[in-house]
Amino acid sequence: LALARALGIRLKFKAGLTLYLKRHKYQNAITANLWQALSEASGKEVAPMMDTWTNQMGYPAISVESIQNVVGYTVAVTLQQKRFLADGQCSPSEQLHWYVPVSVCSLTEPDEVLLRVVLEPHGGSQTFQLPSALPGYVRVNPGGVGFYQVRYQETVLPAVTAALPQMSPRDRLCLVAYSFALDDSKN
């Protein structure tokens with residue numbers, strides 16, 4: 001689902017799968033064949049993005065920080081990824097990075113996605129402007145559909161935890177799961 005969103009509309013994803021299946025019907029295929037068909041259907045290079053997911057161990061933990069203006073409205077969000085391993089055994093020299101499709105919503109309107117971006121795998125922090133100033137803070141990965149952990153910085157975490165009663169049970173579960181996973185792994 002995240003790949004389909006990153007490629008654009010789901011119809012392009014479906015068209016890519018159909019192309020792949022037609023080309024390789026009754027034959028053996030390799031992963032690169034699927035990436036090629038998805039690239040042709042979507043007009044986007046899929047292999048570099050997917051290689052970061054299929055050729056390395058672990059997955060990302062995304063650090064979230066809101067940037068606010070003088071009246072307390074969130075105007076941008078800064079995201080940074082680090083490698084997440086459940087056992088926490090990751091040295092700085094082993095830091096890997098991914099192309100990560102990320103969705104951002106407000107705490108008060110979880111169904112309205114304000115921003116959909118794909119983090120680049122260079123490892124630095126990336127700041128994204130919101131389409132309009134937002135009272136309060138943002139939440140990342142609404143519905144928990146993205147395959148990554150989310151770590152809210154100390155400036156954002158109190159507002160996120162205060163909004164727990166207004167969140168769906170699924171979103172509350174995701175926040176608790178992120179906290180346990182990140183704390184247990186010491187990532």
Side-chain angles (χ1 to χ4, degrees), residues 1-67 74-85 94-107 109-134 137-152 168 170-171 174 178:
L1 186 60
L3 176 59
R5 283 188 182 141
L7 292 179
I9 59 174
R10 291 183 191 177
L11 292 175
K12 291 180 182 179
F13 183 75
K14 186 176 178 181
L17 285 178
T18 301
L19 178 63
Y20 168 76
L21 292 171
K22 283 182 180 177
R23 275 190 187 154
H24 301 287
K25 181 172 38 175
Y26 309 116
Q27 304 177 39
N28 292 331
I30 59 173
T31 307
N33 300 136
L34 176 58
W35 303 157
Q36 179 63 35
L38 290 172
S39 293
E40 288 176 31
S42 68
K44 298 180 180 180
E45 266 311 303
V46 174
M49 173 191 268
M50 292 310 299
D51 285 348
T52 64
W53 289 96
T54 59
N55 294 337
Q56 55 191 27
M57 186 172 70
Y59 61 96
I62 307 296
S63 174
V64 179
E65 187 165 352
S66 290
I67 298 172
T74 298
V75 294
V77 62
T78 298
L79 306 172
Q80 182 173 12
Q81 61 173 296
K82 288 178 65 177
R83 183 181 186 194
F84 175 83
L85 293 174
E94 297 175 312
Q95 280 299 326
L96 302 174
H97 299 94
W98 294 257
Y99 284 95
V100 187
V102 175
S103 297
V104 177
C105 70
S106 75
L107 286 176
E109 296 291 332
D111 295 330
E112 182 183 341
V113 175
L114 301 170
L115 188 64
R116 285 190 207 281
V117 296
V118 177
L119 293 183
E120 300 287 328
H122 61 67
S125 65
Q126 297 172 57
T127 300
F128 302 95
Q129 298 297 316
L130 296 178
S132 59
L134 176 72
Y137 288 92
V138 298
R139 193 159 50 85
V140 172
N141 200 16
V145 296
F147 193 66
Y148 49 88
Q149 299 291 336
V150 178
R151 178 188 304 277
Y152 292 96
S168 71
R170 183 179 192 169
D171 285 329
C174 287
Y178 298 148

Kindly determine whether Met49 and Val118 satisfy side-chain contact (heavy atoms from CB on, under 4.5 Å), including the steps that lead there. CA-CA 10 Å; Met49 173 191 268; Val118 177; 3.8 Å; yes
Please step through side-chain contact (heavy atoms from CB on, under 4.5 Å) for the pair Leu38 and Tyr20, ending with a clear verdict. CA-CA 8 Å; Leu38 290 172; Tyr20 168 76; over 6 Å; no
Should Trp98 and Arg83 be marked as a side-chain contact (heavy atoms from CB on, under 4.5 Å) after you check the CA-CA gap, both sets of side-chain angles, and the distance that decides it? CA-CA 9 Å; Trp98 294 257; Arg83 183 181 186 194; 3.7 Å; yes
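Contact annotation: the side chain of Val104 never approaches that of Arg139 to less than 4.5 Å [non-hydrogen atoms, C-beta and beyond]. For the pair Leu114 and Val77, the minimum side-chain heavy-atom distance is 4.5 Å or more. Side-chain atoms of Thr54 and Trp35, non-hydrogen and from C-beta on, do get closer than 4.5 Å to each other. When side chains are defined from C-beta on, Asn141 does not count as touching Gln149, because their heavy atoms never get closer than 4.5 Å.
Across all non-hydrogen atoms, the minimal contact from Val113 to Arg116 is CG1-CG, 3.7 Å. The heavy-atom pair separating Pro101 from Tyr148 by the smallest distance is O-CE2, 3.5 Å. Across every non-hydrogen atom of Ser103 and Pro142, the tightest pair is O-CD, 3.6 Å. Heavy-atom minimum distance, Ala15 versus Ala41: C-CB, 4.0 Å. Between Phe147 and Pro60, the shortest heavy-atom contact is O-CD, 4.0 Å. Ser66 and Val138 get closest at one heavy-atom pair: OG-CG2, 3.6 Å.
Under a 3.5 Å cut-off, the side chain of Arg170 and the backbone N or O of Gly143 do form a donor-acceptor pair. A distance-only check finds no donor-acceptor pair linking the side chain of Thr74 to the backbone of Ala76 [under 3.5 Å]. No donor-acceptor pair closer than 3.5 Å links the side chain of Asp51 to the backbone N or O of Pro48. Although no hydrogens or angles enter the test, the distance criterion places a donor-acceptor pair under 3.5 Å between the side chain of Ser39 and the main chain of Val46. In terms of modelled atom types and a separation under 3.5 Å, the side chain of Gln56 and the main chain of His97 share a donor-acceptor contact.
Evaluation of the ring pair (Phe, Tyr, Trp, His ring centres under 6.0 Å) rule for Tyr178 yields no partner, not counting sequence neighbours. Listed by chain and residue number, Glu40 satisfy the salt bridge (Lys or Arg N to Asp or Glu O under 4.0 Å) test with Arg23 (two or more places apart in sequence, or in another chain).
Interatomic distance, OG of Ser63 versus CD of Gln81, reported as 11.0 Å (0.5 Å rounding). Taking CD from Gln80 and CD from Gln126, the interatomic distance works out to 9.0 Å, rounded to the nearest 0.5 Å. Note that the CD1 atom of Ile67 and the CD atom of Gln129 stand 7.0 Å from one another [nearest 0.5 Å]. Atom CG of Leu119 is separated from atom OG of Ser125 by 10.5 Å, given to the nearest 0.5 angstrom. Atom-to-atom distance recorded for Gln27:CD and Asn33:CG is 8.5 Å, nearest 0.5 angstrom. Note that CZ of Phe84 and CE of Met57 are 12.0 Å apart. Values are rounded to the nearest 0.5 Å.
Here the rule is side chain to side chain contact (heavy atoms under 4.5 Å, CB included) with Leu79, and of Val100, Val140, Val150 only Val140 fits it.
Side-chain contact, Thr127 with Thr78: a donor N or O sits under 3.5 Å from an acceptor N or O. Side-chain atoms of Glu65 and Tyr152 form no donor-acceptor pair, as typed in the model, at a separation below 3.5 Å.
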